[in-house]
Amino acid sequence: MKTGTAVALLALVVLGLAVAITVVRCAGQPGAAEVVVYVSVDRVHAEPLLDDFSAQTGIRVKALYDVEAAKTTGLVQRLIAEKDRPQADVFFNGEFMQTLTLKEQGVLAAYRPAEAERLPAGAVDRDSRWTGVGGRVRVLLVNTDKVPRDARPKRLEELLTTSIPGARIGVAWPFFGTTATHAAALYAAWGPERARQYFADLKARGVRFVDGNSVVRDLVVQGELWVGLTDSDDALGATERKAPVETILPDQEENGLGTLRIPATVALVTGAPHAEQGQVLVDFLSSGYAEAKLQRSGFCQYPLRGEAKALRTMRVRADEIAANWPRAQSELRETLAR
Amino acid sequence: MKTGGPTRVSAGVMLWAVFLLICYLPPCAVVVLGALGSPAAKDLSLPGPRRLQLLLYSAALALAVAGLAMLLAAPLAAALWRASRGLARATLWILLGWIVVPPCVTAMAWLGLWNGAQAFLTSWGFGGMPLTGWVAAALLQTVSFLPLAVALAWLGFESIDTELLQAARMQRPEKAVFLCIALPLAAPALVAGGGLIGLLSLLDFSLPSLCGVTVYTLDLFAEYSADGNARAALFGALPLAAACAVALWLSQAIFRNAVSVARRHDRAARVPVRGLFARVLCVFCWTGLAFLLLVPVLALVWMAASGTGVGAAWAAVREEMFGSLRIALAAALLGLLPALAVAETLAEGGWRSHAAWPLVTLPLAIPPTLVGIGWAALSARTGWLQGSGWLPVLAALTRFLPVAALILLVARRRMDPLLWDAARVFQANPWHGFRRVRLPLLGRGILAAATLTVALTLGELGATLVVIPPGESTLTLRLYQFLHYGASAHVAALGLLLATLAALAGVAVGRLLTGAEGNVRAAGALATERTEDGAGRDAPSRSP
């Protein structure tokens with residue numbers, strides 16, 4: 001046999017082995033108690049928590065994690081596409097707007113977890129379709145090498161008036177993720193006209209809209225941006241890396257607007273194949289243990305339970321934010337994407 | 001597939017049907033099933049003036065990036081092509097490997113260099129300059145896509161018929177041979193490479209965002225994110241698909257050039273470096289190449305070494321590595337037969353070949369997320385293969401089956417048609433001809449196609465995310481999950497790992513394709529042997 005043919009046959013055997021393994025894996029492992037969870041909480045925070053769940057309950061967790069590049073649309077669109085024949089039992093989301101979308105689409109089942117009574121009002125859906133877990137907030141991240149202490153902005157509106165050049169200020173596109181939620185919250189708090197004008201003024205100032213909160217953080221850490229609007233967990237990541245940055249909670253003055261608090265959410269999926277195990281997982285993820293663990297890992301800085309740190313939050317409800325979402329999305333695309 | 005009796009014809013038709021099903025079922029599912037259902041009238045509405053303006057600006061940016069990238073890539077690739085061995089080969093494989101590293105990782109490395117330079121300038125009293133605006137976006141995209149541009153331009157030079165160069169050298173000096181003969185001969189492939197780079201620029205919105213620039217695809221994705229209407233997104237992407245079609249039509253020049261003259265390679269006949277002009281140009285190009293490679297590679301090595309990088313990343317991704325390889329290898333194997341049938345039709349020429357070209361290249365323009373959503377919607381609606389490991393394999397096939405077919409076409413055209421015809425005449429039956437002649441002739445081409453499919457599948461993200469079964473993951477998914485935490489040691493280590501895997505695949509493809517001539521000789525000997533066995537003493541058999 002010629003060498004070329006031998007190599008080709010060997011390669012075919014290897015490739016065939018891969019197909020065989022795929023077939024075997026597709027056959028699955030029947031019998032084991034398992035639960036399927038779609039996760040858009042950052043994997044580094046969620047994975048240890050789910051490992052704990054498996055260790056405590058003996059239920060095997062099959063998790064599917066989102067990536068920021070998909071802007072949380074990946075898993076949400078997949079859940080909608082699978083609506084008639086769901087694979088997932090539980091959706092564990094890093095924020096709440098997409099959860100509300102799924103509720104509207106009829107993807108989420110009603111389930112009130114065991115610890116729902118211990119959570120503050122507003123942290124549990126009135127129809128029991130989702131439950132809040134922990135909380136992040138929106139913050140201003142400032143590069144301390146670039147901006148002197150007295151020039152650091154303390155309010156969102158100061159981004160329009162600060163002496164920092166517009167091109168050195170960064171915000172993620174308000175079309176995706178928590179920045180989109182924040183924009184809709186500003187629409188609810190300020191009214192649509194003022195909120196739209198605010199973003200138009202940011203654009204006119206030359207403020208840079210970039211591809212995600214983590215990009216805002218990285219550019220501030222690098223010094224390409226001097227100040228950026230991002231999430232508290234992203235900011236914490238920069239602080240832990242000993243980057244020259246300061247995290248500022250915006251609008252904390254008396255009678256100030258306050259900052260947006262963003263709870264993660266957990267929900268049971270309608271028609272879940274493993275509904276019983278799914279309920280056990282929802283109970284676990286909405287427990288105080290899970291919240292404390294998320295706080296220790298750095299995902300959640302402002303827990304829902306117990307005494308919160310002194311924090312002034314925006315006084316808007318989730319349903320008000322959801323009501324303003326379509327208009328905010330449509331107008332901001334018209335205003336910014338040009 | 002042409003002749004060979006009814007069995008072969010029907011097998012060819014069946015394989016073509018498999019190809020068309022795999023490539024066109026997902027977009028059809030999005031349109032026909034209305035994957036995520038929405039009013040059709042809204043889906044089909046024409047883009048308004050704002051969107052048209054965005055499209056125009058985005059097209060201008062893409063043109064600028066394509067032009068600039070190929071302008072820089074052409075001399076760099078020419079330097080690689082002239083040298084062609086040793087260090088040049090190694091440089092080429094590193095460049096090929098770098099293609100699978102996400103452009104945002106490369107861009108972050110260049111941004112780091114930019115900020116370092118700014119800090120230096122500021123310390124000397126010069127003001128810093130933010131990297132914003134369309135020009136900055138064009139520059140950032142250009143440096144990020146440059147490795148791919150150089151690889152494409154190299155392919156263009158590699159496809160030049162060296163006999164023409166030898167003939168020209170008898171009449172004209174070296175400089176004129178390069179400028180008046182080599183460059184014009186490579187021009188169609190350079191334009192085609194520019195088309196592909198322009199296409200990538202048009203589809204990318206993350207790098208322009210770094211410079212505060214909005215492009216058409218961002219607007220599309222934002223709308224899709226807000227209302228989840230895949231059908232509207234598909235129709236909104238039609239202008240992009242038209243641009244893609246033009247780019248792909250241009251890109252065919254690469255393959256046509258590469259396959260038409262591939263047999264006439266003589267390394268010694270390439271333009272040698274003589275004279276001051278050539279030497280200065282050569283030094284300039286090699287410095288550029290070194291800079292192009294060293295900045296991102298060293299940045300990643302530095303980042304990987306600064307943390308618990310490589311060891312921790314390997315421990316974290318061991319399972320994903322095997323998952324990725326399994327999906328990639330399965331896709332490579334299952335795609336071979338349909339790709340062979342398609343390549344055979346393309347190689348035949350005539351009206352069938354011309355009709356097949358758009359069918360084969362169009363799937364390359366389908367956005368990956370829509371490929372994933374199409375398969376997910378189909379699977380969820382019918383329950384077929386839902387939650388199985390087959391869906392990521394099918395999604396990879398949808399995306400890369402046309403690429404495998406094009407690579408097999410290159411390999412097929414490298415074969416001596418007389419040997420092919422001889423096999424057809426003297427084979428005892430089609431299987432005998434396939435086993436004794438066609439398989440040995442195409443063996444390396446098949447391996448090359450499979451290897452490239454493996455490399456491309458390893459780097460796939462958009463479609464895989466939507467169809468991967470719960471509990472499984474891939475190397476690229478994990479890389480993007482790490483990317484959320486910034487330019488970390490893990491990202492750097494994984495980027496290097498992916499680049500190494502792809503570079504190894506590149507080495508394999510290169511060796512296999514260039515070794516094809518050896519197979520031709522072997523097959524020629526076989527055909528001769530068959531002839532001498534008495535089947536026909538006048539049978540044509542020759543080695544090139």
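From a predicted model like this one, the values you see are computed outputs, not experimental measurements. Convention: sequence-line order gives letters A, B, ...; per-chain numbering from 1.
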Chain A contact via Pro208(B) - which portion, at a heavy-atom distance below 4.5 Å:
neither
Per-residue contact mode, Glu47(A) against chain B (heavy atom under 4.5 angstrom):
side chain
Let me know if Phe209(A) has heavy atoms under 4.5 Å from chain B in its side chain, its backbone, both or neither.
backbone
Checking side-chain polar atoms at under 3.5 Å, does Tyr216(B) have a donor or acceptor matched by the opposite partner on Gln53(B)?
no
Apply side chain to side chain donor-acceptor pair (under 3.5 Å) to the pair Ser214(A) and Asp234(A), showing each step before the final yes or no.
CA-CA 6 Å; Ser214(A) 61; Asp234(A) 290 313; 5.5 Å; no
Pair Glu472(B) + Arg326(B): basic N to acidic O under 4.0 Å
yes
Check the side chains of Thr474(B) and Glu320(B) for a donor-acceptor pair under 3.5 angstrom, ignoring hydrogens and angles.
no
